[in-house]
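Remarks on the structure that follows.
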Amino acid sequence: MYKPSLAVIYLGDQSGLPQASLDFRTNGRYRNICPFAEIVSTPKFRFKLECGIHEVKPLACRISPLGRFKNLKSGENFYFIHKPAEDCCCINSNKRIRILDYIRDNALGEYFENRDKASELYPLLFNTPSEFKYIAGFMMFNFDVMYLSQRLNPNLARPKSFDILVREIRKLILEYKQFYLRTNGKIE
Ligand code: SF4
């Protein structure tokens, strides 16, 4: 799906590496809600928020309330729990579930694999200035600009294979790194 300006891209406080977050905004009676949230009316609730992209929602939403942190150097995974929102229907649940079962039942394996492939782009940014990292972040998270700059429709031009997409972004970052080196001298 291509929709401009639905994410904010920034450098993480601790990692200094590019991150992207959904750009929460005001929508009617709601403040700070996801741009993909849809306001619906049900027999039980006059107004209720639902995810408008449930089938393709981002990994962070898909695994909630679980969170995952991966150590890029050791490859180790660490899991943690986000505090559920006050109105979360699971907040009073006493159900216990093993993390491995949660990952299997929610078919998260492929999403983790793709996230890890995208994380392999990060070493390209190690020991580079913040300015370079920030622009590379746009290449990583706002990659449709690659197609728009060639006057292509991103929905048609974007590869269906995630592997190929990551390869295209890698190539673009490397080309930009060469350009940056030529115009700014040494990068490290
Ligand atoms: S679950 Fe859907 S509506 Fe909620 S934050 Fe994620 S993308 Fe947005």
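All ligand and atom numbering here is 1-based and tracks the order in the structure.
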Step by step, would you call F132 with I173 a side chain to side chain contact (heavy atoms under 4.5 Å, CB included)? CA-CA 10 Å; F132 177 85; I173 292 176; 4.3 Å; yes
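Within the 4.5 Å cutoff, the side chain of I63 has heavy atoms near those of the F112 side chain. M140 is not listed as a side-chain neighbour of I9, based on a closest heavy-atom distance of 4.5 Å or more.
Within the model, atoms CG of L100 and CG of L108 stand 11.5 Å from one another, a figure rounded to the nearest 0.5 Å.
Contact annotation for atom 2 (Fe) of ligand 1: protein present (non-hydrogen atoms, distance under 4.0 Å).
Within the 6.0 Å centre-distance limit, the rings of Y134 and F138 are counted as a close aromatic pair.
The minimum heavy-atom distance between L125 and T128, with the atom names listed, is O-OG1, 2.5 Å.
With a cut-off of 2.8 Å, the protein N/O/S atoms near atom 8 (Fe) of ligand 1 add up to 1.
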